[in-house]
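Naming convention: chains lettered A, B, ... in sequence-line order (proteins, then strands); numbering from 1 in each chain.
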There are 2 protein chains.
Amino acid sequence: MTAVAEIQAPEALEISPAKERLLRVAIDLFYEKGFERTTVRDIAARAGILSGSLFHHFKSKQEILYTAMALTTRSMGESAEAAVQGIDDPVEQLRALVVCELNSIHRESEHAAYVLVDEWRSLDSEHREAVLALRDSSYERCWDVALEGCKARGLLKTDAKIARQFIRGALAWTRNWYRPEGELTIAGLADEVLQSFLKN
Amino acid sequence: MTAVAEIQAPEALEISPAKERLLRVAIDLFYEKGFERTTVRDIAARAGILSGSLFHHFKSKQEILYTAMALTTRSMGESAEAAVQGIDDPVEQLRALVVCELNSIHRESEHAAYVLVDEWRSLDSEHREAVLALRDSSYERCWDVALEGCKARGLLKTDAKIARQFIRGALAWTRNWYRPEGELTIAGLADEVLQSFLKN
DNA sequence: GCTTGACAACCAAGCGCTTGCTTGTTTTTA
DNA sequence: TAAAAACAAGCAAGCGCTTGGTTGTCAAGC
């Protein structure tokens, strides 16, 4: 019998308030310094406990990262589904998804979306698969529907798959230059994205 | 007197063949596992020497990263300048720069471009500034010229600065899905990029 | 032509410190 | 009063880096 990993399915993760507080602290630190440079002592200190006490809540540092990423993925999927609900026009679906992604990068949930992108490599492979499967079944599915809809109406300049990747890249990169406090609003930025990637 | 950092100006870096070999090994490992997870013992072992001997060539692990990033930045700047040389049409300048960037991500120099993007946070701030200054004065300048040229001819759908960021994001993201061994060539991918971001 | 000295490259050993995590016990909470 | 949460202490392993000495190379000096 090979070592069984016993990964908690992300759909089934239940989080106590105490755990949630620790996760918020951990996510902040992962955002500030990265997973590898963040020590369990760092996390514990900012949470006001000793490092050993962390392991009462999580069985390893890796499990902290996994839990953070799985929860973030789950909630981003839920946001995406909520965003397109009741919208039939694929262009408006796309706009809603762009706004939704920009919000999760620039507004919500204490940098959780940053960690999701940056620390992918620090997540070991079994956990990675679990998170990926969850993302494909919720978040990515919403995007596929919207983009295929645009494609069917002849609104895309390129293949839907390529457009998806271009848009995803452009949105992910906004974290390196865009600040929602400035003149350009998130809705305005979303307009620019649609204008760039759709025929007009 | 505060501690003086004594950073080697990236323009003045001279690299012996031995150092270059070590840098190649280090870059490969940084690409595979990340800077933090790569130990000096890893680098030395793959290079066939003992870990202490590394410090005969570099005075710290940090200096290995800095040297790698500075050299990569320098050579990417040179490539960009060579790519646009003799081209007057801003659209063709842009095409050349896109191809150039795609090449450095997907073809050349043992993943050096990956490391440049991924390990930015592991570079400490003084070194970061030095690399950034070099990039702005060569690589970014080429892009600015090309995009302002497009803008002046009314070919851009958005502000030149925003277009720059969208394109940069889309190109950087290609590493997560595009493989040059597949059906789509780099020139073909560059076509798709131009078609997406320029008026047609 | 052989010796000498200087230098770069590397080895062998290990120091001081930090890391993730464990254990046994005490405090807090419900 | 029992379970949950936190403490106190520390272990084993691994980390970047240092030190002192051993090679191999090659040009200058007699």
Atom-to-atom span, NZ of A:K61 to C1' of C:dT22 - whole angstrom: 17 Å
Is A:K157 positioned over the aromatic face of A:F197, cation under 6.0 angstrom from the ring centre and no more than 45 degrees off axis? no
Return the value, rounded to whole Å, for the distance between atom NE2 of A:H57 and atom P of C:dT22. 15 Å
Evaluation steps, salt bridge (charged side-chain N to carboxylate O under 4.0 Å, His left out), between A:E32 and A:R46: CA-CA 13 Å; A:E32 291 169 23; A:R46 188 172 291 188; 3.0 Å; yes
Take atom CD of A:E20 and atom P of D:dA5, then tell me their distance rounded to the nearest Å. 14 Å
For the pair made of CG in B:D42 and P in D:dC17, what is the distance, rounded to whole Å? 14 Å
What is the distance from CD1 of B:I64 to P of D:dC15, rounded to the nearest Å? 14 Å
Looking at A:D42 and A:K33, is there a salt bridge between them, counting it only when a charged N and a carboxylate O are closer than 4.0 Å? yes
The test is salt bridge (charged side-chain N to carboxylate O under 4.0 Å, His left out); show your working for A:K151 and A:D144 and say whether it passes. CA-CA 10 Å; A:K151 173 80 178 181; A:D144 284 347; over 6 Å; no
Taking the six-membered ring for Trp, are B:Y66 and B:H127 parallel (under 30°), tilted (30 to 60°) or perpendicular (over 60°)? tilted
Is any side-chain N or O of B:R41 under 3.5 Å from a base N or O of D:dG14, one able to act as donor and the other as acceptor? no
Report the residue (A:S16 or B:T38) whose heavy-atom-nearest nucleotide on DNA chain D is the more 5′ of the two. A:S16
Take atom CG of A:L65 and atom P of C:dC21, then tell me their distance rounded to the nearest Å. 12 Å
Contact residues, residues 43-56 of chain B to DNA chain C [heavy atom, < 4.0 Å]: B:G48, B:I49, B:L50, B:S53, B:H56
Quickly work out the B:F58 CZ to D:dC17 P distance and round it to whole Å. 13 Å
Taking CD from B:E36 and C1' from C:dG20, how many angstroms apart are they, rounded to a whole number? 15 Å
Test log, rule salt bridge (charged side-chain N to carboxylate O under 4.0 Å, His left out), inputs B:R164 and B:D159: CA-CA 9 Å; B:R164 170 72 187 116; B:D159 183 66; over 6 Å; no
